[in-house]
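None of the values given here were measured: they were computed from a predicted structure.
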Amino acid sequence: MNVKIICAGKVKEQFYREAAAEYLKRLKRFAKFEIKEVKDEPTDSDLSGRINEMAREKEGARMLESIRPGDYVIALAIDGKTYDSLSWSKHLDELFLDGHSSLVFVIGGSTGLSEAVLKRADEHLSFSRFTFPHQLMRVILLEQIYRAFKIRSGEEYHK
């Protein structure tokens, strides 16, 4: 199994980097993981403005360059499907059993994901109706993937 997480921008805060590194270390025994950071673009405080639309488009184009034709792409989007931990684990199991050996998760920058990335995605996933900083979302995603792998392997994990 191969899992790639494509993100806009680098994680600047040390505590986020340490948390992500810890989960990546734990996940190595379950699958091959890669984090691909694409350059983020300057944005404007007016979240509906043309500058932000252009930023999403440029970041999205960079993200799409890192996606192969056979990848199963899951875009993190506020309007995506939600799961509880058990159903999320079962869903990942079903994806792997259906032959999807290469999963790609895409996390947008501060202005979200481009329409092109959302259209390329095989599914949209939401962890909440809340908006999270994209650096924190990386850690949350890694933790939830780790939890799912622990459940899949029959190992205990805190509730």
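Between Leu113 and Ile107, the shortest heavy-atom distance links the atoms CD2-C, 4.0 Å. Residues Ser114 and Gly60 come closest through the heavy atom pair OG-CA, 3.6 Å. In this structure, Val139 and Ala19 approach most closely via the heavy-atom pair CG1-CB, 3.8 Å. When all heavy atoms of Ala121 and Ala75 are compared, the closest pair comes out as CB-CB, 3.7 Å. Annotation for Ser126 and Gly80: closest pair CB-O, 3.4 Å, computed over non-hydrogen atoms. Closest heavy-atom contact between Ala55 and Thr43: CB-CG2, 4.2 Å.
At a threshold of 4.0 Å, the pair Arg29-Glu155 counts as salt-bridged, since one of the basic side-chain nitrogens sits closer than that to a carboxylate oxygen.
Residue Ile51 qualifies as open at atom CD1: its count of foreign heavy atoms under 6.0 Å is 12 or below. For NZ of Lys10, the number of neighbouring non-hydrogen atoms (other residues, nucleotides, ligands) closer than 6.0 Å is 12 at most. In the displayed structure, Lys150 atom NZ is contacted under 6.0 Å by more than 12 heavy atoms of other residues, nucleotides or ligands.
Atom CG of Asp93 is separated from atom OG of Ser87 by 12.5 Å, given to the nearest 0.5 angstrom. Rounding to the nearest 0.5 Å gives a distance of 12.0 Å between CZ of Phe30 and CG of Leu92. If you take CG on Leu142 and CG on Leu27, they are separated by 6.5 Å, rounding to the nearest 0.5 Å. Taking CZ from Phe15 and CD from Gln135, the interatomic distance works out to 8.5 Å, rounded to the nearest 0.5 Å. Glu37 contributes atom CD, which lies 6.5 Å from atom SG of Cys7 (distance to the nearest 0.5 angstrom). Between Trp88 atom CH2 and Arg147 atom CZ the span is 13.0 Å, to the nearest 0.5 Å.
Between His100 and Tyr72, the two ring planes are tilted [angle within 30° to 60°].
Side-chain atoms of His124 come within 3.5 Å of backbone N or O of Leu118 as a donor-acceptor pair. No side-chain donor-acceptor contact under 3.5 Å links Ser89 to the backbone of Leu86. Looking at Arg26, its side chain never comes within 3.5 Å of a backbone N or O of Tyr146 through a donor-acceptor pair.
The hydrophobic cluster containing Tyr16 also contains Phe130, counting ILVMFWY residues as joined when their side-chain heavy atoms lie under 4.5 angstrom apart, directly or transitively. Each of Ile35 and Leu64 belongs to its own hydrophobic cluster when Ile, Leu, Val, Met, Phe, Trp and Tyr are linked at side-chain heavy-atom distances under 4.5 angstrom.
Screening residues 104-123 for salt bridge (charged side-chain N to carboxylate O under 4.0 Å, His left out) gives Arg120-Asp122 as the qualifying pairs, with residues at least two apart or on separate chains. Note on residues 57-68: pairs passing side-chain hydrogen bond (donor to acceptor under 3.5 Å, both in side chains), not counting sequence neighbours, are Glu41-Arg62, Arg68-Asp71, Arg68-Ser102.
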Before you tell me yes or no, could you show the steps for Glu53 and Arg50 under salt bridge (charged side-chain N to carboxylate O under 4.0 Å, His left out), namely the whole-Å CA-CA distance, both residues' side-chain angles and the distance that decides it to 0.1 Å?
CA-CA 5 Å; Glu53 183 180 330; Arg50 179 71 183 134; 2.9 Å; yes
Apply salt bridge (charged side-chain N to carboxylate O under 4.0 Å, His left out) to Arg17 and Glu22, showing your working.
CA-CA 9 Å; Arg17 286 196 309 267; Glu22 177 62 29; over 6 Å; no
Working note: Phe105 + Ile145, criterion side-chain contact (heavy atoms from CB on, under 4.5 Å); need CA distance, chi angles, decisive distance, verdict.
CA-CA 11 Å; Phe105 293 89; Ile145 294 171; 3.7 Å; yes
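The ring-ring contact (aromatic ring centres under 6.0 Å, His included) test applied to Phe33 returns no partner, not counting sequence neighbours.
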